[in-house]
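Have a look at the structure below, then the notes.
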Amino acid sequence: MSDRPLAQTIAALQPRARTELAELVAFKSVADPAQFPRSECEAAARWISDALRADGFQDVALLDTPDGTQSVYGFLPGPAGAPTVLLYAHYDVQPPLDEDAWLSPPFELTERDGRWYGRGAADCKGGLIMHLTALRALKEHGGVPVNVKVIVEGSEEQGTGGLERYAEAHPELLAADAIVIGDAGNFRVGLPTVTATLRGMTLVRVRVDTLEGNLHSGQFGGAAPDALAALIRILDSLRAEDGSTTVQGLAADATWDGLEYPEAEFRKDAKVLDGVGLLGGGTVADRIWSRPAVTVLGIDCPPVVGATPSVQAGARALVSLRVPPGTDAVEATKLLTAHLEGAAPWGARVAVEQVGQGQAFRADTGSPAYASMAAALREAYDGEEMQTAGMGGSIPLCNTLAGLYPDAEILLIGLSEPEAQIHAVNESVSPQELERLSLAEALFLGQYANSRG
């Protein structure tokens, strides 16, 4: 890493970064009151607002967004005439899933094998700590050279669109010349990467009903229409024989032109079991960055333990569909709904409810901000050149911001490299990545201010 004084300051700030990340991880800020108390999210939002005020931010506010959650906003003024940079992160997290499968408590930051483990450590509470560390270091070296707006979302993982709707209703609030989304990640630890594309998404809940009530499978099975069996048929229709996604009317043959993802590396990153094949055809990059992908996130049906010999009268599933840039998420939702309804066997009744939706995103990598980021990453990573990759995940706010501020330059960096295992058990963050990316962001803000001067 660079031996410049700024890098030394960033390194000296790492113990504080770890302490604060531990405090943030301790909040069980899953933005779903059916799983965790709303008070956990509210406490996390207050922690962030207090941290912004302590760091000199003005106009700090808890924004009550239309989906019932809170986002945190603050403004840090820079020199007169300086450009404005918006820094984004989110404090809500995915539920911990099977807590027994965690090697350490999910809401207790734990150091192990050179990494810090905890839900949200990388996605995306670590992203907020990255922003704060970069700004604190700059203050020790002459001050922050740009105006800074910080927005920390409270429901990104739920896909309920609260901050998007709030931004649309208050378009002046997040206006900026450049926007740094701290919710992506390097392609590999130590390989500086900006994310150029994001898949959009739609999330639907599908319900199948066939009977007025459950029936004894011995007395009625074989003729009575089984809702769970009907649901399984419907869900199976969403995949071709090779496992690729097949939603009627939705194109699924695009290719990726850019950094490739070797299959052996993907199998290792995804922890695919020996002898189990990957889904679909084309390159791995084609499949995860340029083509639609359906995932059944959950099914409501009787658990094995305690199941009775019954024909099921009703069953539900939560289905996610990721769509690549160039595909409209609204149209994809219509196609998915029509497919699910049309695939129902035996005249089963199907109801599809939209739960979440977000458009895909493609960045302008030829903008001046990207040149500034490339130089900053090169210095922070000891001469390693910046790479450009796609990301299969979705950040719906990106398209909203691009629509509201068409002249703004949007960059995506972050801590969610493959070893972080975000959304899975034993999520973790690399302290080295946190340190280097904090330095890169600080360097970027300086580079960007100079380029606009």
Side-chain angles (χ1 to χ4, degrees), residues 157-161 164 197-211 224-256 277-301 311-362 390-396 399 423:
E157 298 291 8
Q158 295 299 313
T160 46
E164 292 104 276
T197 66
L198 298 167
R199 288 192 293 197
M201 59 81 70
T202 185
L203 188 65
V204 301
R205 187 179 294 117
V206 55
R207 178 174 182 87
V208 178
D209 292 291
T210 56
L211 302 165
D226 185 326
L228 180 55
L231 177 62
I232 291 169
R233 286 275 186 97
I234 292 169
L235 299 178
D236 183 60
S237 74
L238 294 170
R239 294 194 182 277
E241 191 65 29
D242 65 358
S244 57
T245 294
T246 55
V247 174
Q248 292 177 14
L250 191 63
D253 57 357
T255 58
W256 172 259
L278 302 185
L279 302 181
T283 68
V284 170
D286 293 340
R287 285 174 265 180
I288 64 172
W289 297 335
S290 291
R291 295 177 182 176
V294 70
T295 306
V296 178
L297 303 183
I299 297 179
D300 284 342
C301 60
V311 177
Q312 299 300 311
R316 295 194 309 169
L318 187 64
V319 179
S320 166
L321 176 65
R322 306 281 181 168
V323 294
T327 299
D328 178 51
V330 175
E331 180 62 22
T333 302
K334 294 178 181 177
L335 293 172
L336 176 61
T337 299
H339 182 113
L340 292 169
E341 293 173 344
W346 321 314
R349 297 179 183 179
V350 177
V352 180
E353 174 192 1
Q354 182 179 321
V355 179
Q357 184 175 274
Q359 296 289 357
F361 172 77
R362 187 186 302 276
M391 190 167 79
S394 307
I395 307 175
N399 256 63
H423 294 201

Pair Thr202, Gln354: side-chain N/O donor-acceptor within cut-off below 3.5 Å:
no
Side chain of [X], backbone of [Y]: donor and acceptor closer than 3.5 Å?
| X | Y | result |
| --- | --- | --- |
| Arg199 | Ile288 | yes |
| His339 | Gln248 | yes |
| Ser320 | Thr295 | no |
| Thr327 | Val323 | no |

Out of Val319, Leu297, Thr160, Thr333, which one pairs with Leu203 under the side-chain contact (heavy atoms from CB on, under 4.5 Å) rule?
Leu297
Can you list every salt bridge (Lys or Arg N to Asp or Glu O under 4.0 Å) pair that touches residues 316-332, not counting sequence neighbours?
Asp300-Arg316
With salt bridge (Lys or Arg N to Asp or Glu O under 4.0 Å) as the rule and sequence neighbours excluded, what pairs involving residues 288-298 come up?
Asp286-Arg291
Which atom of Val296 lies closest to which atom of Ala317, heavy atoms considered
CG1-CB, 4.5 Å
N/O donor to acceptor pairs below 3.5 angstrom from side-chain atoms of residues 341-352, sequence neighbours left out:
none

Enter the distance from [X]:[atom1] to [Y]:[atom2] here, rounded to the nearest 0.5 Å.
| X | Y | atom1 | atom2 | value |
| --- | --- | --- | --- | --- |
| Thr197 | Phe361 | OG1 | CZ | 9.5 Å |
| Ser244 | Asp242 | OG | CG | 3.5 Å |
| Thr283 | Trp289 | OG1 | CH2 | 8.5 Å |

Who are the side-chain hydrogen bond (donor to acceptor under 3.5 Å, both in side chains) partners of Arg239, not counting sequence neighbours?
none
Side chains of [X] and [Y] in contact at under 4.5 Å (non-hydrogen atoms):
| X | Y | value |
| --- | --- | --- |
| Thr255 | Ser290 | no |
| Pro225 | Leu211 | yes |
| Leu321 | Thr245 | yes |
| Glu353 | Val206 | no |
| Val204 | Leu340 | yes |

Got a list of side-chain donor-acceptor pairs under 3.5 Å for residues 226-234, not counting sequence neighbours?
residue: Asp226; atom: OD1; partner: Leu228; partner atom: N; Å: 2.9
residue: Asp226; atom: OD1; partner: Ala229; partner atom: N; Å: 3.2

Test of understanding: with salt bridge (charged side-chain N to carboxylate O under 4.0 Å, His left out), list the residues that count as partners of Arg287, not counting sequence neighbours.
none
